[in-house]
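Below is one structure, written out as structure tokens; the observations come after it.
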Number of protein chains: 2
Amino acid sequence: MLTSVSVQTLQRLPVYLNLLKSECMQQAVYVSSKTIAESLGLHEIQVRKDLASVSSGGKPKVGFSKITLIRDLETYLGYNDSNDAILVGAGKLGKALLAYDGFKEYGLNIVAAFDNDESLAGQKEGNVPILSLSKMNDICDRMKIRIGIITVPSPAAQSICDQMVASGILAVWNFAPAHLDVPEHILVKNENMAASLAVLSRHLMDKFTD
Amino acid sequence: MLTSVSVQTLQRLPVYLNLLKSECMQQAVYVSSKTIAESLGLHEIQVRKDLASVSSGGKPKVGFSKITLIRDLETYLGYNDSNDAILVGAGKLGKALLAYDGFKEYGLNIVAAFDNDESLAGQKEGNVPILSLSKMNDICDRMKIRIGIITVPSPAAQSICDQMVASGILAVWNFAPAHLDVPEHILVKNENMAASLAVLSRHLMDKFTD
DNA sequence: TAGATTGTTAATCGATTAACAATC
DNA sequence: TAGATTGTTAATCGATTAACAATC
């Protein structure tokens, strides 16, 4: 186990973890791949293979100890050692993310936010200070920040991204509907709402042209 | 062309559209698959195949007329005829989505929001009225709403989803980190931030254990 | 022991990439 | 015409699913 995992598998892991922690699994002590698969509408074998790459706690006949599996998933996903991040763009969406206190459960810790608009500087949102953009480089450098969250309007996204990279950011979480060019070793993960909408929209269109 | 398209292709289409409309393509009259692929860091052949399933306007040697391709993409994605939607959960994230005026560009029109908290009823956010949850069924029915957006806390998500389905909703856009059970013909599209974070987090972990 | 569930190796399926003929 | 780019058919690659031996 603990071999390299595909992106597809990786993205399913938090879903398993979420289910295991949810109410409907509250009283379970052991869980099997089959149980999980049925709850999520996935294939049993897929779940088993996914779990095998993350945990070696599975026992024939009984399945996985729930708490052990939760621990293994959390360890693999890095939920225990927290990742410091900064956010740029303290508009509506940016503030909503700042105020969301669920991220710490995922090991994400937003330490500061930055905005072009100097009048926001000094404010706080969800306990996170909003600062002048000019301070970003210095703070990223001093705190060794590796994750940057982009919630600025599209036209500004590439420039902010460039500044992040120059400040030592290694992974960018991009909420702007814009493609970002980055050096090879930098990861960009787009939160692509337009893509989601495309899936919804076509589903409806297809439904009404059968 | 206009054959059935894979989800992967479908989710790339808005990215192409976005690029075509962006500043860096402003003065282009014709665009080729190669140009697009290079701008986005994709394979030329993949782009060509994607475009072929949506537009028949490609001409050997010249490529696609930019405005024709934009039109074809917008038509395929349903950006022209707008989709009415309702949103449930007028918390921070819900309000951020209500205030975001970019959705109309994608043909999404949020006509009303609902919340458990009666004290919010009567307020407006981004021109969208917030109403008592008890009115959801009636409004969905009268306006023939087919898209529901869920921005409530996880424990409430399944119940809200059930109410949406009972109100005639056919496609659910779920921002709660919870798995939703729905009848077969209903589509759920999860905006899975935990999955995105998993990708970011593992990228960083892998980087520092090489 | 019998049966259920695991982990692993093999088969299938679908998406991506390559090859190539068609054409402006 | 020559060359570039299209659309399509074939090959490759990787993820999912199936088959099966191992084991509690």
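Within every chain, numbering begins at 1; the chains are lettered A, B, ... in the order of the sequence lines, protein sequences first and strands thereafter. Keep in mind that what you see is a predicted model, and the values were worked out from it rather than measured.
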* Asked: Under 4.0 Å between a side-chain N/O of B:S56 and OP1 or OP2 of D:dG7, yes or no?
  -> no
* Asked: In whole Å, what is the span from the CZ atom of B:R48 to the C1' atom of C:dA18?
  -> 11 Å
* If only atom types and distance count, is the side chain of A:T9 paired as donor or acceptor with the main-chain N or O of A:V5 below 3.5 Å? -> no
* To do: Write down the distance between CD (B:Q11) and C1' (C:dA15), rounded to a whole number of angstrom.
  => 14 Å
* By nearest nucleotide on DNA chain D, pick out whichever of A:V7 and B:S32 is the more 5' one. => B:S32
* Asked: Any idea which of C:dT16, C:dT5, D:dA15 is nearest the B:Q46 side chain?
  -> C:dT16
* To do: Quick one: label B:K61 by what it contacts on the DNA or RNA (base, sugar-phosphate, nothing), any heavy atom closer than 4.0 Å.
  => base
* Please determine, for the side chain of A:H43, which listed nucleotide (D:dA18, C:dG7, D:dG7) has the closest atom? => D:dA18
* Asked: Are A:K49 and A:E44 within salt-bridge range, i.e. N to O under 4.0 Å?
  -> no
* Examine distances only and state if a side-chain atom of B:H179 and a backbone atom of A:S39 form a donor-acceptor pair shorter than 3.5 Å. => yes
* Is there a side-chain polar atom (N or O) of B:S33 under 4.0 Å from OP1 or OP2 of D:dT6? -> yes
* Asked: Rounded to the nearest Å, what distance is computed from the CG atom of residue A:L10 to the P atom of nucleotide D:dA15?
  -> 12 Å
* **Nearest listed nucleotide, side chain of B:R12, among C:dT16, D:dT23, C:dG7** => C:dT16
* Closest nucleotide among C:dA18, D:dT16, C:dC24 to the A:Q8 side chain -> D:dT16
* Asked: From the list C:dT6, C:dA15, D:dT17, which nucleotide is the closest neighbour of the side chain of A:I45?
  -> D:dT17
* Could you work out which one of C:dT6, D:dT9, C:dA15 sits closest to the side chain of B:K49? => D:dT9
